[in-house]
Amino acid sequence: MPAPITPPPKLRMAVVGGGIGGLCLALALSKHSDIQVDVYEAAEQLKEIGAGVIFWERTWEVFRSMGLSDDLTEVSGAPIDPKPSVGFDYFRSDSPNAGHQFAQFKPPCKLLGLTKRLLHAEIILQDGCIRFHRAHFLDVLIKHLPEGIAHLKKRLLSYEDTDHGITLNFADGTTASADLLVGCDGIKSVVRKQMYEAEAAKGDPKLLQFIDPVWSGTMIYRALAPAERLFEACNGRRHRIMDDAAVYCGKNKHIVSYAVGKGATTVNIVAFATNPEDEGKTYDGPWVTGCSADEVRNHFVDQPLVWALHCLKPLPFYTKGQVTLLGDAAHAMLPHQGVGAVQAIEDAYLLAGLLGDAAVTKDTLQHALHAYEATRLPFANARMAGSRMNGLMYEFNSEHGDNYETLAPAITSQWNWQWENTAEDEVQKALLLMRGRIKTMPVASRGSNQ
Ligand SMILES: Cc1cc2nc3c(=O)[nH]c(=O)nc-3n(C[C@H](O)[C@H](O)[C@H](O)COP(=O)(O)OP(=O)(O)OC[C@H]3O[C@@H](n4cnc5c(N)ncnc54)[C@H](O)[C@@H]3O)c2cc1C
């Protein structure tokens with residue numbers, strides 16, 4: 001019998017960058033059999049640098065609907081638990097009365113139909129959040145990625161956006177073509193650079209300010225420490241950090257710490273040191289480099305890294321023509337809320353939700369990209385502002401100073417957006433917007449799916 005003829009895909013997508021954003025987008029798109037996805041990653045392998053990553057119930061719901069939650073539970077340090085729980089404890093830690101707690105963030109815990117398996121999973125920590133070693137988290141994404149769609153050692157140099165589609169030019173001299181290019185290539189995105197340079201050249205030079213990331217004036221020291229060293233240092237006592245995430249606040253410095261890994265075997269430590277006057281200045285030197293254990297004054301950790309913390313200015317647009325931006329390429333933010341990856345994941349979930357809709361064809365694609373930008377840009381830009389504000393508050397540099405009466409509620413209310421609606425609500429909002437605009441098109445011009 002002759003093999004069945006597979007219809008050509010309605011869209012060919014090029015995803016540039018195989019970080020959390022790019023892989024989540026590829027995974028979400030791969031559920032739509034009429035969309036062809038190719039991921040082009042510059043590195044020799046898909047990998048994450050850095051240490052821990054933390055997610056809340058809102059993002060967990062996205063993982064569940066993407067079919068990732070069971071495998072993620074296996075590698076997590078803290079499966080989400082439906083009981084009331086602590087999100088973060090905040091301590092004043094730079095005064096003679098070191099260590100007094102001044103705020104506590106407790107996420108509202110709704111029982112959102114957790115899977116039976118999750119409810120019976122070994123509950124190690126009960127914090128309403130789920131924490132991962134980044135490498136383990138990425139391994140789960142890679143495991144779910146359909147075979148043959150990730151192309152490694154493909155560093156994008158430039159692209160051409162023509163009436164016939166996109167051509168991608170790689171550093172190895174090869175090219176590829178697609179109907180839509182999504183730049184998931186991180187904070188130093190070449191896709192963003194080319195897009196903004198091209199628009200600036202049309203007469204709006206102000207747009208050039210959105211290309212280069214801005215130094216925040218903060219250096220961060222990141223490391224993972226084996227949990228047993230903490231036990232030793234505490235003379236066998238279980239340190240509170242093993243159970244609840246904490247932020248230790250001080251003037252111009254703060255430390256975020258929580259346990260990660262199955263069985264909470266590892267402690268994630270991120271220490272921030274800020275010179276507020278340096279915000280916006282140019283940082284000379286590598287952004288990420290190894291540093292001596294002396295520099296972070298600890299003998300608990302292995303291979304500490306020091307990072308010069310950069311972020312973007314909030315972008316005015318994500319999309320031009322058949323090219324759009326996603327994740328850190330679109331909104332690299334300060335990590336003081338730990339939601340940069342969360343935004344990349346919601347970008348991916350929403351964009352895939354739009355592109356997978358039956359109303360989307362090559363001819364209606366612009367309306368999907370419009371709805372993506374109109375929904376995600378204001379949302380993610382608000383998170384950028386909130387993350388910066390958290391950093392100011394954690395180091396007593398906000399308008400609240402160290403007035404705990406106003407500072408504590410200001411810190412905890414920063415999390416409200418996570419529970420005001422869901423990522424799925426945002427997808428539905430964007431779908432309504434897109435379908436409304438497509439309906440205004442003459443039927444004959446909506447493409448073959450109509
Ligand atoms: C200290 C710290 C703690 C954080 N903690 C959290 C947290 O707890 N929770 C959270 O949600 N977020 C957190 N974040 C933010 C989060 O890490 C990022 O927002 C997220 O990893 C961004 O993912 P991305 O895929 O957009 O970009 P990236 O991870 O930067 O991935 C970009 C990919 O593109 C590739 N690439 C780059 N250029 C090219 C090119 N020209 N061609 C092809 N490929 C290319 C890169 O190799 C890379 O694989 C934290 C950030 C920091 C700094």
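Ligands are counted one by one from 1 in listed order, and the atoms in each one are counted from 1 as well. The first residue in the sequence is number 1, and the count goes up from there. Only heavy atoms go into these numbers, but all of them, side chains included; no hydrogens, no water, no symmetry mates.
Taking distance alone, with nitrogen or oxygen atoms compared against 3.5 Å, Ala344 stays at or beyond that limit from ligand 1. For Val342, a nitrogen or oxygen atom sits less than 3.5 Å from a nitrogen or oxygen atom of ligand 1, counting backbone and side chain alike. Considering backbone and side-chain atoms alike, Gly327 places every N or O at 3.5 Å or more from each N or O of ligand 1. Between Ala42 and ligand 1, a contact under 3.5 Å exists for at least one N or O pair. Close N/O approach between Val270 and ligand 1 is not found [any backbone or side-chain N/O within under 3.5 Å]. Residue Ala329 has no nitrogen or oxygen atom sitting less than 3.5 Å from a nitrogen or oxygen atom of ligand 1, judged on distance alone.
Per-residue contacts place Gly19 under 4.0 angstrom from the following atoms of ligand 1 (heavy atoms of the residue considered): 25 (O), 31 (O), 33 (C), 49 (O). Each of the following atoms of ligand 1 lies closer than 4.0 Å to a heavy atom of Gly186: 27 (O), 30 (O), 32 (C). Atoms of ligand 1 lying under 4.0 Å from at least one heavy atom of Lys154, given by number and element, are 42 (N), 43 (C). Near Tyr40, with a cut-off below 4.0 Å to any heavy atom, the atoms of ligand 1 are 43 (C), 44 (N). Below 4.0 Å from some heavy atom of Val53 lie the following atoms of ligand 1, by number and element: 7 (C), 8 (O), 9 (N), 10 (C). Numbered from 1 in the order shown, with element, the atoms of ligand 1 that lie under 4.0 Å from a heavy atom of Gly21 read 24 (P), 25 (O). Residue contact check: Val190 has heavy atoms under 4.0 Å from atoms 41 (N) of ligand 1. Below 4.0 Å from some heavy atom of Val16 lie the following atoms of ligand 1, by number and element: 42 (N), 43 (C).
Cation-pi geometry between Arg240 and Phe91 is not satisfied (NZ or CZ under 6.0 Å from the ring centre, within 45° of the ring normal). The cationic atom of Lys281 (NZ for Lys, CZ for Arg) does not lie both less than 6.0 Å from the six-membered ring centre of Tyr283 and within 45° of the ring axis. Phe379 carries Arg383 over the face of its six-membered ring, with the cationic atom under 6.0 Å from the centre and within 45° of the normal.
Across Asn397, Thr274, Asp94, a single residue satisfies side chain to side chain donor-acceptor pair (under 3.5 Å) together with Lys251, and that is Asn397.
Nearest protein neighbour of atom 48 (C) of ligand 1, counting heavy atoms only, is Glu41 OE1, 3.5 Å. Residue, atom and distance of the protein heavy atom nearest to atom 52 (C) of ligand 1 are Pro335 CB, 3.5 Å. Scanning the protein for heavy atoms near atom 7 (C) of ligand 1, the closest one is Gly338 O, 3.3 Å. Scanning the protein heavy atoms around atom 34 (O) of ligand 1, the nearest turns out to be Gly17 CA, 3.2 Å. Looking from atom 8 (O) of ligand 1 to the surrounding protein, the closest heavy atom is Ile54 N, 2.9 Å. Regarding atom 39 (C) of ligand 1, its nearest protein heavy-atom neighbour is Asp185 CB, 3.7 Å. Regarding atom 26 (O) of ligand 1, its nearest protein heavy-atom neighbour is Asp328 N, 2.8 Å. Regarding atom 41 (N) of ligand 1, its nearest protein heavy-atom neighbour is Leu156 O, 3.1 Å.
Looking only at atom types and distance, the side chain of Gln101 has no donor-acceptor partner in the side chain of Arg92 under 3.5 Å away. In the model, Asn421 has no side-chain atom that pairs as donor or acceptor with a side-chain atom of Lys429 under 3.5 Å. Defined by atom type and a distance below 3.5 Å, a donor-acceptor pair is present between the side-chain atoms of Gln322 and Asp161. Of the N and O atoms on the side chains of Ser177 and Arg12, at least one donor lies less than 3.5 Å from an acceptor on the other residue. Side-chain contact, Thr175 with Asn169: no donor N or O sits under 3.5 Å from an acceptor N or O. In this structure, a donor-acceptor pair under 3.5 Å is present between the side chains of Tyr394 and Tyr90. Of the N and O atoms on the side chains of His151 and Asp38, at least one donor lies less than 3.5 Å from an acceptor on the other residue.
At a 4.0 Å heavy-atom cut-off, ligand 1 touches Arg222 through the side chain alone. Looking at Thr59 against ligand 1, nothing comes within 4.0 Å, counting heavy atoms. Heavy atoms of Val339 found under 4.0 angstrom from ligand 1 belong exclusively to the backbone.
Comparing Ala348, Ala341, Cys184 against atom 15 (C) of ligand 1, the shortest heavy-atom distance belongs to Ala341.
Between Phe55 and Phe132, the ring-plane angle classifies as tilted under the 30° and 60° cut-offs.
The list of ring pair (Phe, Tyr, Trp, His ring centres under 6.0 Å) pairs with a residue in residues 157-187, not counting sequence neighbours, reads Tyr40-Phe170.
Under the rule for a side-chain contact (heavy atoms from CB on, under 4.5 Å), the partners of Thr412 that lie at least two apart in sequence or sit in another chain are Phe105.
Heavy atoms of Arg134 approach ligand 1 to within less than 4.0 angstrom.
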